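Before any comments, here is the structure.
Count residues from 1 along the sequence. These numbers were taken from a predicted model, which means no experiment stands behind them.
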Amino acid sequence: MLKDVIINMKNIHGVDESEDTLDFLTDGYYSHEDGISCISYEESDVTGLAGTRTSVIIMPDRIVVDRDGRITSRMEFREGEKSEFLYSTPYGKATMGLRTRKIDKKFGESGGHATIDYDIDVEHTVFAKNKLILDVKPELKTNA
């Protein structure tokens, strides 16, 4: 069953010694069944991905981030592993590498928390070290 939730994301993106942080708060949907959690939401201008729907699937052994719309990609995070993904935009496509250093996650019926430490590389050169922090909480209903 889908539940209305508030999603709070913090993406820390580091290149060389400088660091950029993007905090993003949005509403979305959440489900949890048989140990698998799914979060979905619409991107906005804040993230630079407006026109894109993002789904995050949290499984016991991995986290998958699927984007569909103006931007398409499928990133698969497995702790200690490296993978590649195709990042497609209206301006072109690029194959990128993804190395997951660490995943910390805890999800249940009403939401949860995940932290993913990972590197993105382009043509085998580290492009950025990243940390994604994701918090999902039930949306509080108010009576008007």
Side-chain angles (χ1 to χ4, degrees), residues 1-140:
M1 182 171 126
L2 284 178
K3 298 176 184 175
D4 292 333
V5 291
I6 299 295
I7 303 160
N8 186 5
M9 281 179 285
K10 183 179 209 175
N11 194 354
I12 303 165
H13 175 84
V15 180
D16 297 324
E17 296 304 313
S18 67
E19 215 175 67
D20 257 345
T21 300
L22 172 68
D23 280 312
F24 178 60
L25 185 68
T26 190
D27 56 345
Y29 301 100
Y30 177 76
S31 65
H32 180 80
E33 189 175 329
D34 297 329
I36 297 173
S37 299
C38 185
I39 305 154
S40 63
Y41 61 93
E42 294 291 330
E43 297 282 357
S44 74
D45 290 331
V46 172
T47 62
L49 302 172
T52 302
R53 178 167 201 73
T54 297
S55 298
V56 181
I57 303 116
I58 298 102
M59 295 172 255
D61 65 335
R62 67 188 176 274
I63 296 176
V64 175
V65 177
D66 263 328
R67 290 200 167 101
D68 192 30
R70 197 170 145 269
I71 305 292
T72 60
S73 68
R74 180 179 174 90
M75 300 167 74
E76 193 165 315
F77 300 93
R78 288 180 187 256
E79 191 168 306
E81 293 188 18
K82 183 168 181 186
S83 62
E84 288 188 341
F85 67 99
L86 183 64
Y87 190 79
S88 181
T89 74
Y91 310 105
K93 297 177 183 180
T95 299
M96 299 178 148
L98 175 70
R99 185 176 67 86
T100 308
R101 291 191 304 269
K102 184 164 177 42
I103 296 175
D104 179 33
K105 61 183 168 48
K106 183 174 183 176
F107 281 86
E109 287 298 319
S110 60
H113 173 86
T115 301
I116 308 170
D117 284 307
Y118 65 100
D119 296 334
I120 297 261
D121 71 58
V122 178
E123 295 187 16
H124 308 288
T125 300
V126 173
F127 175 70
K129 295 181 182 300
N130 297 280
K131 181 184 276 189
L132 175 65
I133 303 166
L134 177 67
D135 282 300
V136 178
K137 296 181 180 164
E139 184 175 58
L140 298 176

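Here the CD1 atom belonging to Ile57 is positioned 9.0 Å from the CZ atom belonging to Arg62, to the nearest 0.5 angstrom. To the nearest 0.5 Å, atom NE2 of residue His32 and atom SG of residue Cys38 are 12.0 Å apart. Between the CG atom in Asn11 and the CG atom in Leu22 there is a gap of 6.5 Å [rounded to 0.5 Å]. Taking CG from Leu98 and CZ from Arg78, the interatomic distance works out to 11.5 Å, rounded to the nearest 0.5 Å.
The environment of Asp45 atom CG is sparse: at most 12 non-hydrogen atoms of other residues, nucleotides or ligands sit within 6.0 angstrom. Applying the 6.0 Å contact sphere to NZ of Lys105 captures more than 12 heavy atoms from other residues, nucleotides or ligands. Remark: Lys137 NZ is loosely packed, at most 12 non-hydrogen atoms of other residues, nucleotides or ligands lying under 6.0 Å away.
Neither side chain, His13 nor Asp20, offers a donor N or O lying under 3.5 Å from an acceptor on the other.
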Quiz prompt | Ile58 and Ile39: CA distance, side-chain angles, deciding distance, side-chain contact (heavy atoms from CB on, under 4.5 Å) verdict | solution = CA-CA 8 Å; Ile58 298 102; Ile39 305 154; 3.6 Å; yes

Self-check item: Verdict with reasoning, Ile116 to Thr100, per side-chain contact (heavy atoms from CB on, under 4.5 Å)
Solution: CA-CA 7 Å; Ile116 308 170; Thr100 308; 4.2 Å; yes

Quiz prompt | Test log, rule side-chain contact (heavy atoms from CB on, under 4.5 Å), inputs Asn130 and Ile120 | solution = CA-CA 8 Å; Asn130 297 280; Ile120 297 261; 3.5 Å; yes

Exercise. Evaluate side-chain hydrogen bond (donor to acceptor under 3.5 Å, both in side chains) for Arg67 paired with Thr54, printing each intermediate quantity in order.
Key: CA-CA 5 Å; Arg67 290 200 167 101; Thr54 297; 3.2 Å; yes

Self-check item: Intermediate values then yes/no, side-chain contact (heavy atoms from CB on, under 4.5 Å), Asp23 and Lys10
Solution: CA-CA 4 Å; Asp23 280 312; Lys10 183 179 209 175; 3.2 Å; yes

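Taking each heavy atom of Glu109 and Lys3 in turn, the nearest pair found is O-NZ, 2.7 Å. Considering all non-hydrogen atoms of both residues, Leu2 and Tyr29 come closest at CD2-CB, 4.0 Å. Between Ser55 and Ser40, the closest heavy-atom pair is OG-CB, 3.9 Å. Looking at every heavy atom in both residues, Ala114 comes nearest to Ile63 through CB-CD1, 4.2 Å. The nearest pair of heavy atoms linking Met9 to Leu134 is CG-CD1, 3.3 Å. Of all heavy-atom pairs between Phe24 and Ser44, the closest is CE1-OG, 3.4 Å.
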For residues 83-93, run the donor-acceptor check on the side chains, cut-off 3.5 Å, and write out each pair with its distance to 0.1 Å, sequence neighbours left out.
| from | atom 1 | to | atom 2 | distance (Å) |
| --- | --- | --- | --- | --- |
| Ser83 | OG | Glu76 | O | 3.4 |
| Thr89 | OG1 | Tyr91 | N | 3.0 |
| Thr89 | OG1 | Gly92 | N | 3.3 |
| Thr89 | OG1 | Gly92 | O | 3.1 |

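Scanning for side-chain hydrogen bond (donor to acceptor under 3.5 Å, both in side chains) contacts around Tyr41 gives Glu43, with sequence neighbours left out.
Residues Arg99 and Asp121 are not paired through a salt bridge, judged by the lack of any N-O separation under 4.0 Å between the basic side chain and the carboxylate. Salt bridge absent: Asp66 and Arg53 never bring a charged side-chain N and a carboxylate O closer than 4.0 Å.
In this structure, Met59 and Val64 have side chains that are in contact, with non-hydrogen atoms separated by less than 4.5 Å.
No donor-acceptor distance shorter than 3.5 angstrom exists from the side chain of Thr115 to the backbone of Asp104, with no hydrogens or angles considered.
Of the listed residues (Lys129, Met75, Lys131), just one forms a side-chain contact (heavy atoms from CB on, under 4.5 Å) with Tyr118, and that residue is Met75.
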